[in-house]
Amino acid sequence: QVQLVESGGGLVQTGGSLRLSCTASGRTDRGYAMGWFRQAPGKDREFVAAISWTGGNTQYGDSVKGRFTISRDSAKNTVYLQMTSLKTEDTAVYYCGVDTDRTVVSITWWESAIRHRSWGQGTQVTVSS
């Protein structure tokens, strides 16, 4: 199994930026797509972004398009989420995930998997006004 550890969360004002990191351990000897999702208090989990093994293909949720950028360093088994122009609506616990069955991004798989799966403890992002 693959274990993921998220970091980089914190408190930031509206309009600010923050970069999250997620490092994988365990079975990381083969390629796989990775991504991010989030959950705000009292809300359902929401897909944020995903990236292919090569980094050439990405997918973003509608609410973060143009503001967030996902990237990865496969050699370090790490995926990043650069968040800019943050809004209070972005306040949530951010989790990363891994699709061990494929190297490409499958939006269908991600939207289904995040409903009931957790790979790590998540990292809190709080945006103040």
TODO: Would you please test Phe47 and Phe37 for ring-ring contact (aromatic ring centres under 6.0 Å, His included) and show each step?
DONE: CA-CA 4 Å; Phe47 172 74; Phe37 60 97; 8.8 Å; no
TODO: List the steps, then state whether side chain to side chain contact (heavy atoms under 4.5 Å, CB included) holds for Thr123 with Val93.
DONE: CA-CA 5 Å; Thr123 184; Val93 177; over 6 Å; no
- [ ] Walk me through it: do Gln82 and Ser71 pass the test side chain to side chain donor-acceptor pair (under 3.5 Å)?
- [x] CA-CA 8 Å; Gln82 180 66 51; Ser71 62; over 6 Å; no
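Within the model, atoms CD of Glu6 and CG of Leu20 stand 9.0 Å from one another, a figure rounded to the nearest 0.5 Å. The distance from atom CD1 of Ile51 to atom CE of Met34, rounded to the nearest 0.5 Å, is 10.0 Å. For the atom pair CD1 (Ile70) and CH2 (Trp36), the distance works out to 8.0 Å, reported to the nearest 0.5 Å. Taking CG of Leu81 as the reference point, atom CE of Met83 lies at 5.5 Å (rounded to 0.5 Å).
A search for side-chain hydrogen bond (donor to acceptor under 3.5 Å, both in side chains) contacts involving Thr126 returns Gln124, not counting sequence neighbours. For Thr78, the side-chain hydrogen bond (donor to acceptor under 3.5 Å, both in side chains) partners two or more places apart in sequence, or in a different chain, are Thr23. Residues passing the side-chain hydrogen bond (donor to acceptor under 3.5 Å, both in side chains) test with Lys65 are Asp62, sequence neighbours excluded. For Asp73, the side-chain contact (heavy atoms from CB on, under 4.5 Å) criterion is met by Ala75, Lys76, Tyr80, not counting sequence neighbours. Partners of Tyr94 by side-chain hydrogen bond (donor to acceptor under 3.5 Å, both in side chains), not counting sequence neighbours, listed by chain and number: Arg38. Remark: Arg19 pairs with no residue by the salt bridge (charged side-chain N to carboxylate O under 4.0 Å, His left out) rule, at least two apart or across chains. By the side-chain contact (heavy atoms from CB on, under 4.5 Å) test, Ser25 is found to be paired with Gln3, residues two or more places apart in sequence or in another chain being considered. Taking the side-chain contact (heavy atoms from CB on, under 4.5 Å) definition, one finds that Thr54 meets it with Ser52, sequence neighbours left out. For Thr88, the side-chain contact (heavy atoms from CB on, under 4.5 Å) partners are Thr14, Ser129, not counting sequence neighbours.
The minimum heavy-atom distance between Val127 and Thr91, with the atom names listed, is N-OG1, 2.9 Å. Residues Arg67 and Leu86 share a closest heavy-atom pair of NH1-CA, 4.0 Å. Ala24 and Leu4 make their closest contact through CB-CD2, 3.4 Å (heavy atoms, listed as atom of the first residue, atom of the second, distance). Across all their heavy atoms, Ser17 and Thr84 have their closest contact at OG-CG2, 3.5 Å.
Put simply, Trp53 and Ile107 are part of two different groups of oily side chains (I, L, V, M, F, W, Y) that touch within less than 4.5 Å, one to the next. Taking hydrophobic clusters as Ile, Leu, Val, Met, Phe, Trp and Tyr residues chained together by side-chain heavy-atom distances below 4.5 Å, Val79 shares a cluster with Val2.
Applying the salt bridge (charged side-chain N to carboxylate O under 4.0 Å, His left out) test to every pair with at least one member in residues 100-109, sequence neighbours left out, gives these pairs: Asp99-Arg102. Residue pairs that meet the disulfide bond (SG atoms under 2.5 Å apart) test with at least one member in residues 72-128, sequence neighbours left out, are Cys22-Cys96. Screening residues 106-121 for side-chain hydrogen bond (donor to acceptor under 3.5 Å, both in side chains) gives Arg45-Ser118 as the qualifying pairs, with residues at least two apart or on separate chains.
A distance-only check finds no donor-acceptor pair linking the side chain of Tyr60 to the backbone of Ala50 [under 3.5 Å].
At a threshold of 4.5 Å between non-hydrogen side-chain atoms, the residues Phe68 and Val48 count as touching.
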